[in-house]
Amino acid sequence: MTSMRFSLLGPVEVSAGGHTLGGAPRHRAMLAYLLLNAGSTVSTDRLIEAMWGPTPPETAKAQVQASVMAIRRMLRAAQAEDIVQTRPAGYAAVTEPGQVDVHEFRRLAAGDRDEIRQALGLWRGQALADVQADYVSATRALLEEQRLTALERLAELELEAGRHAVLLDELAAEVINHPLRECLRGQYMLALHRSGRQAEALAAARDYRTTLAEQQGLDPSREFAAVEEAVLRDDRHALMSFLPYDVPDFAGREAELERLTRLPDGVSVVAIDGMAGIGKTTLAVHAGHLLAERFPDGGLFVDLQAHTAGRDPVDPGEALEILLRQLGVPAERIPPGTSERAALWRAELSGLRALVVIDNAADTQHVRPLLPGGSGSMAVITSRRRLTDLDGAPAISVDVLSERDAVELFTGVVGPRAWEEPTAVAEVLRLCGFLPLAVRIAAARLRHRPRWTVDYLAVRLRDQSRRLAELATAERGVAAAFALSYEQLSPDHRRMFRLLGLHPGQDVDAYAAAALTDLTVTRAESLLEDLLDAHMLIQQEPGRYTFHDLLRDHARSAAGLEERDDSRKAALTRLFAFYTHVTDLAADLTYPDKVLPIPREPAPGLEIPALSDRADAAAWLDAELPVLLAVGAHAAERDWHTHAFFLSTTLFPFLEERGRRGAALTLHLQTLSAVRRAADLRSEGRTLADLARTHHALGNVAQAAQYGREAITTCRAAGDPEGEAVGHHFLGHSLERQDDFHGAQEHYQQALELFQAADNRVGTGVLLTDMGEIHRHLGKPDLARDYLEQAQRINHEIGSPTSLWNTQLALGNLHSAEGEHDAARRALEHAYAISRDLGPHLQAETLNALGAAAGAMGDHNQALIDHDAALALATEIDDLNEAAHGHLGLAKARYALGHTALARTHAQSALLLLEGLGNPAADAARALL
């Protein structure tokens with residue numbers, strides 16, 4: 001491929017071999033958008049929004065396709081048309097490092113002084129200067145902001161290096177163009193001042209004050225006033241600081257820095273807390289350097305070493321001696337007692353404006369003697385614990401890095417190699433849990449191993465059993481940092497922590513934690529809250545607790561080392577018993593009309609949450625669903641097949657209602673393997689029946705039939721007639737969808753007889769409805785009506801909403817087939833009213849039936865409305881069968897209205913889906929093409 005360069009920092013240009021390629025402005029605007037998002041797939045809808053905003057033309061999709069073709073023709077001249085690729089979800093620009101000036105600018109702008117100058121040299125004027133599109137204005141502003149930020153960083157480095165003279169001309173020009181940019185103005189003043197031009201520096205300050213007041217009615221910030229004051233004092237030298245080295249590759253923490261650097265006057269203490277390795281010290285030191293102008297009397301630092309391996313915490317008295325010596329107090333003036341030293345410390349600070357960083361504190365009592373009192377100084381304290389007893393002190397709890405900031409940190413340490421493997425970098429960061437210490441260690445290991453690729457590092461980190469060992473160097477490690485925090489917990493807290501590591505789910509509430517640890521809920525919640533304060537747990541929503549991923553690894557490892565096998569098994573057995581028991585209660589409240597009775601799990605004697613009605617039950621199931629799926633999978637993989645089966649069969653109606661049929665299928669298959677290993681024939685038969693039911697719901701006709709036949713055979717062998725009935729039921733459904741109505745009738749009849757013999761009234765009502773439907777297909781409306789009337793009586797007696805919906809739907813279809821259009825509409829509208837409380841999958845099916853009924857009575861506009869609503873719902877929940885019938889109904893309505901092109905589009909979509917499902921209705925779609 002010819003060497004290509006894409007220039008967006010100025011007029012948009014594409015060059016190859018020294019020649020500039022052509023292209024219309026619209027095409028270059030679209031290419032620029034793809035290049036700005038290089039490596040990512042951009043959907044057609046997103047491209048349309050970027051190009052035309054909220055009001056695109058009707059031809060927008062066609063214009064996008066035409067533009068992509070034109071872009072490829074332009075690139076073909078340089079044998080580079082594969083740079084813009086078509087993917088299933090849209091389009092992607094696939095470029096190499098250094099090809100796009102925007103990406104090269106961002107890489108260099110994160111480097112040292114020389115690299116930043118190279119980055120700024122890539123600009124050739126206003127970004128995206130000669131193209132027009134909806135996205136351009138905002139993107140141009142963002143790029144300009146990044147340019148100015150890079151310039152300000154360069155000015156900061158040049159000023160620190162004493163190279164103020166080289167800045168004067170470029171800063172003067174930028175100040176003219178950006179008169180209200182305070183940082184630039186302050187740097188320009190300092191450059192003038194340090195060049196001996198104090199009067200001009202003060203004139204620049206006055207001009208800024210005037211301009212800001214006239215245009216925005218504001219006064220400058222305290223930071224600007226401090227620079228102005230330094231110029232007035234003719235103070236050209238920074239004061240001595242005891243703050244540690246400020247890392248040059250500091251990344252992120254904008255929100256935390258904003259709070260720290262903009263605290264109002266009068267705040268004398270601020271606490272920074274967070275888990276081990278989160279970057280508390282780095283943040284405090286970085287903020288301290290940023291605040292140097294605000295605290296002109298110095299920056300002080302003491303490490304209390306409360307979480308330093310192999311060291312005892314520094315006594316407050318010893319810490320006070322360190323701080324007093326930093327203030328210049330002679331040794332002979334420092335008294336021996338802690339309280340006397342604290343008094344002298346506060347006296348010495350009186351009248352000063354100094355910043356004190358107190359690092360690595362154990363708790364509030366550890367730092368209380370070191371607090372500055374009511375002086376103009378400020379203490380920034382870091383601790384792994386929340387210092388909740390520091391009354392009135394602002395607290396900043398530090399979280400993991402955002403993905404963007406983690407990428408910035410990683411690439412800042414590794415260098416250009418990281419830009420060559422962005423996907424692998426993203427995986428490494430995910431495996432590090434975006435924890436700054438882990439990211440730094442991983443990056444440092446890669447930097448010092450030139451033969452490693454980022455992908456190779458990711459492979460090493462994927463092994464969960466050795467991940468913490470990988471994240472260690474000779475001097476520091478993530479596991480060592482975690483171990484110290486763990487060892488400082490009480491025995492009860494350590495037990496809670498390590499047993500939580502056994503939990504298969506992502507989060508846990510106090511009830512589940514109590515079951516796991518065999519404690520009362522009150523005691524469990526107290527321990528959880530203490531672990532939260534110690535940053536050994538995370539709380540992302542009230543009442544639920546989770547781990548950072550690496551801390552989870554540490555907890556799991558601790559459980560493996562410190563808990564016996566029987567203790568671990570007993571803890572998980574209690575946990576699984578809790579989940580199955582509460583799921584049973586919730587399912588009874590939410591779905592009282594189950595076709596198959598489920599053997600109730602015995603109450604395990606554990607505390608459980610109060611579930612008083614359907615709303616409580618549904619809320620609990622919603623909150624716990626990801627956990628229940630994880631528990632089901634874990635139980636199926638190990639020695640808890642009965643718990644896996646119980647969750648699998650109990651959760652299906654809820655998963656169906658929530659449109660989670662894929663999750664249901666996975667859980668059923670995991671359970672099937674487990675019950676077969678355990679030779680539990682009855683559970684195997686019921687699970688096969690559940691698989692038939694799930695595949696039917698997914699529209700997988702052949703698979704539903706296969707599992708239905710297996711369920712019949714297995715349930716019969718296990719002596720389970722009701723399970724056998726379900727197998728016949730869904731085998732009948734599969735045959736009905738293949739237009740084998742006589743075969744379907746035979747299996748429905750067998751299912752009905754089995755349910756009647758077992759006195760299963762819910763199952764009987766369902767099968768009477770199915771018999772009514774099948775006789776409608778067989779052209780026997782009177783017999784169909786008789787079955788449906790019997791079903792309706794039973795369903796009213798048992799009060800089953802799902803069965804009532806099913807019967808109303810079938811009655812509506814029967815009325816429609818008989819030309820009784822008003823009756824059909826009434827029945828279907830009644831069915832739809834019921835379905836609104838039963839979930840989107842039943843709503844979609846009812847809307848399609850309403851659309852078909854409207855079409856049958858010649859109201860094709862109403863048919864469009866109904867089928868379109870059905871299609872939207874079916875698409876949202878990934879219901880391929882109803883989506884197919886939505887497209888088919890829209891195709892028929894469009895043809896009836898004379899909209900031939902749109903009709904063919906829908907018919908083609910319907911055909912594609914129906915053929916994939918093996919549904920004979922594909923013939924009806926094919927006939928419309």
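Residues: numbered from 1 along the sequence shown.
The backbone N or O of H641 lies less than 3.5 Å from no partner atom in the side chain of D680, so there is not a single donor-acceptor pair. Judged by distance alone, the side chain of E427 and the main-chain N or O of T423 form no donor-acceptor pair under 3.5 Å. Judged purely by atom type and a 3.5 angstrom limit, Q85 uses its side chain to pair as donor or acceptor with the backbone of D82. H696 places no side-chain N or O within donor-acceptor distance of the main-chain N or O of A692, the cut-off being under 3.5 Å.
Residues passing the salt bridge (Lys or Arg N to Asp or Glu O under 4.0 Å) test with D690, sequence neighbours excluded: R693. E58 is linked by a salt bridge (Lys or Arg N to Asp or Glu O under 4.0 Å) to nothing, counting only residues two or more places apart in sequence or in another chain. In this structure, A852 has no side-chain contact (heavy atoms from CB on, under 4.5 Å) partners at least two apart in sequence or on a different chain. Every residue two or more places apart in sequence or in another chain that forms a ring pair (Phe, Tyr, Trp, His ring centres under 6.0 Å) with Y748 is listed here: H733. T764 pairs by the side-chain contact (heavy atoms from CB on, under 4.5 Å) definition with L752, F755, Q756, L768, I794, not counting sequence neighbours. With sequence neighbours excluded, the residues forming a side-chain contact (heavy atoms from CB on, under 4.5 Å) with A697 are E656, R661, listed by chain and number. For H899, the side-chain contact (heavy atoms from CB on, under 4.5 Å) partners at least two apart in sequence or on another chain are R894, L897, L902.
For Q749 and Q745, the side-chain atoms include no donor-acceptor pair closer than 3.5 Å. For the 3.5 Å distance criterion, the side chains of T583 and W620 fail to qualify, holding no donor opposite an acceptor. Between the side chains of T41 and R87, at least one donor N or O lies within less than 3.5 Å of an accepting N or O.
Listed by first then second residue, pairs satisfying ring-ring contact (aromatic ring centres under 6.0 Å, His included) with a partner in residues 845-891 read H887-H906, not counting sequence neighbours. Sorted by first then second residue, the ring-ring contact (aromatic ring centres under 6.0 Å, His included) pairs that include residues 825-858, not counting sequence neighbours, number zero. Sorted by first and then second residue, the ring-ring contact (aromatic ring centres under 6.0 Å, His included) pairs involving residues 652-674 (not counting sequence neighbours) are F652-H668.
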Give every donor-acceptor pair under 3.5 Å between a side-chain atom in residues 43-52 and any protein atom, sequence neighbours left out.
| unit_1 | atom_1 | unit_2 | atom_2 | d |
| --- | --- | --- | --- | --- |
| S43 | OG | R46 | N | 3.1 |
| R46 | NE | Y33 | OH | 3.1 |
| R46 | NH2 | N37 | OD1 | 2.8 |

Donor-acceptor contacts, no H, no angles, side chain residues 811-820, under 3.5 Å, sequence neighbours left out:
| unit_1 | atom_1 | unit_2 | atom_2 | d |
| --- | --- | --- | --- | --- |
| N813 | ND2 | L809 | O | 3.4 |
| H815 | ND1 | E820 | OE1 | 2.5 |

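Annotation: cation-pi pair R614/Y591 present, NZ/CZ under 6.0 Å from the ring centroid and within 45° of its normal.
Rounding to the nearest 0.5 Å places CG of D740 at 5.0 Å from CG of L735. With values rounded to the nearest 0.5 angstrom, R677 atom CZ is found 8.5 Å from E637 atom CD. The distance from the CG atom of L691 to the OG1 atom of T671 is 8.5 Å, given to the nearest 0.5 Å. Of the inter-residue distances, the one linking L754 atom CG with R716 atom CZ reads 8.0 Å to the nearest 0.5 angstrom. To the nearest 0.5 Å, atoms CG (L847) and CG (D868) are separated by 10.0 Å. In this structure, CZ on R926 lies 11.0 Å from CG on L928, to the nearest 0.5 angstrom.
The residues R825 and E829 are annotated as salt-bridged, a charged nitrogen and a carboxylate oxygen being separated by less than 4.0 angstrom. Using a 4.0 Å cut-off between a side-chain N of Lys or Arg and a carboxylate O of Asp or Glu, R676 and E710 qualify as a salt bridge.
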N881 vs L698, side-chain contact (heavy atoms from CB on, under 4.5 Å): CA-CA, chis, key distance, verdict
CA-CA 7 Å; N881 186 65; L698 286 166; over 6 Å; no
